[in-house]
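As structure tokens, the structure follows; a few thoughts come after it.
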Amino acid sequence: MLAQFKRHLRSARQYVRRLRGRLSPTQRVLARLNREFGGVVVARGPFRGLDYGDVAAHGSALFPKLVGSYEQELHPVIEAIVDLAPEQIIDVGAAEGFYAVGLATRLQGAEVLAFETEGDARQSLKQLAERNGVADRVRLEGHCGPTELAESLSPGAVLVCDCEGGEYELRERQHLNLMRVAEAILED
């Protein structure tokens with residue numbers, strides 16, 4: 001009886017170890033791409049060549065970003081920002097940094113201030129900036145309210161904002177006139 005119990009216990013431990021080692025379907029695909037192609041990069045679109053490695057997407061799907069079709073309607077806007085060549089970009093609701101890091105790679109002279117409150121997304125943003133060699137120009141902050149935004153904006157800055165409804169608070173406050181200070185891209 002004791003021998004049988006020990007066999008079941010050993011089997012249960014092996015099963016738990018296998019479960020711990022399992023990857024999500026997304027992680028398996030990313031691991032395979034890393035193995036077979038030496039990296040996971042954005043294939044098309046304004047951030048072509050952006051190296052994602054094993055960085056996870058936060059608040060959106062990863063594969064449209066890697067394919068280059070993510071928010072395709074904004075591609076001309078991204079190109080317009082690149083043509084403006086601003087010295088400062090502020091990204092409110094930056095998630096893992098697709099826009100913040102992508103714009104930093106396209107605009108070598110720009111400083112990027114990325115606001116993100118979620119801890120895992122902040123960690124991914126740091127990792128994405130490091131992977132793409134722009135960590136020295138991407139500054140990461142937490143919460144962004146009207147006061148933090150007003151204190152951060154420089155004349156001629158570009159503001160990219162996608163913070164799940166928080167755009168309204170930033171846009172509607174009387175003491176902050178975004179359009180006089182910065183070019184603004186607000187996603188509703």
Side-chain angles (χ1 to χ4, degrees), residues 22-86 88-144 157-167 170 183-188:
R22 287 199 177 153
L23 300 175
S24 72
T26 300
Q27 290 169 321
R28 283 196 301 271
V29 169
L30 291 176
R32 185 170 181 185
L33 288 171
N34 265 319
R35 232 181 7 260
E36 292 187 20
F37 300 106
V40 178
V41 298
V42 174
R44 292 195 169 92
F47 303 133
R48 181 183 183 160
L50 188 66
D51 184 356
Y52 253 78
D54 58 355
V55 174
H58 293 269
S60 61
L62 176 62
F63 292 112
K65 292 176 180 178
L66 295 178
V67 170
S69 63
Y70 181 69
E71 296 186 335
Q72 202 164 5
E73 66 278 7
L74 293 179
H75 290 186
V77 176
I78 298 302
E79 294 305 328
I81 291 171
V82 171
D83 290 345
L84 280 173
Q88 182 190 39
I89 297 164
I90 296 179
D91 185 355
V92 181
E96 82 278 0
F98 182 72
Y99 288 112
V101 175
L103 286 166
T105 62
R106 294 283 310 271
L107 295 162
Q108 296 299 315
E111 294 294 323
V112 178
L113 175 56
F115 286 96
E116 176 54 51
T117 58
E118 202 258 301
D120 289 342
R122 291 167 57 88
Q123 191 59 35
S124 292
L125 195 151
K126 287 179 189 175
Q127 188 180 358
L128 191 63
E130 289 168 2
R131 282 191 79 78
N132 288 279
V134 296
D136 60 323
R137 293 186 297 108
V138 177
R139 193 175 89 211
L140 183 56
E141 296 289 337
H143 172 75
C144 180
V158 168
L159 173 64
V160 177
C161 186
D162 186 7
C163 51
E164 308 310 323
E167 303 89 353
L170 295 175
E183 296 291 327
I185 297 156
L186 301 167
E187 285 195 61
D188 296 329

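Note that the coordinates shown come from a computational prediction; the quantities given were computed from them, not determined experimentally.
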Shortest non-hydrogen contact from Ile89 toward Pro86: CG1-CG, 4.0 Å

Over all atoms of both residues, closest heavy-atom pair of Ala114 and Ala94: CB-CB, 3.8 Å

CD-CG distance between Gln123 and Leu140, expressed to the nearest 0.5 angstrom: 9.5 Å

Close side-chain approach of Tyr99 to Ile78, heavy-atom, < 4.5 Å: yes

For Glu79 against Pro46, the heavy-atom pair lying closest together: OE2-CB, 3.5 Å

CZ-CD1 distance between Arg106 and Ile81, expressed to the nearest 0.5 angstrom: 10.5 Å

Straight-line distance of Arg131 CZ to Gln127 CD, nearest 0.5 Å: 7.0 Å

Test ring pair (Phe, Tyr, Trp, His ring centres under 6.0 Å) applied to Phe115 - qualifying residues, sequence neighbours left out: none

Polar side-chain atom of Asn132 near backbone of Asp51 as donor-acceptor pair, under 3.5 Å: yes

Sub-4.5 Å side-chain heavy-atom contact between Val160 and Leu103: yes

Separation between CD1 of Ile90 and CD of Glu111, rounded to the nearest 0.5 Å: 11.5 Å

Donor-acceptor pair, side chain of Glu116 and main chain of Arg122, under 3.5 angstrom: no

Sub-4.5 Å side-chain heavy-atom contact between Tyr52 and Phe47: no

Closest contact, heavy atoms only, His58 versus Ala95: O-CB, 3.4 Å

Polar side-chain atom of Arg137 near backbone of Leu107 as donor-acceptor pair, under 3.5 Å: yes

Smallest separation among heavy atoms of Val67 and Ala43, with atom names: O-CB, 4.0 Å

Value rounded to 0.5 Å, distance of CG in Leu66 from CZ in Arg44: 13.0 Å

Any donor-acceptor N/O pair, Glu71 side chain to Leu74 backbone, under 3.5 Å: no

Heavy-atom pair of closest approach, residues Ala157 and Gln88: CB-OE1, 3.1 Å

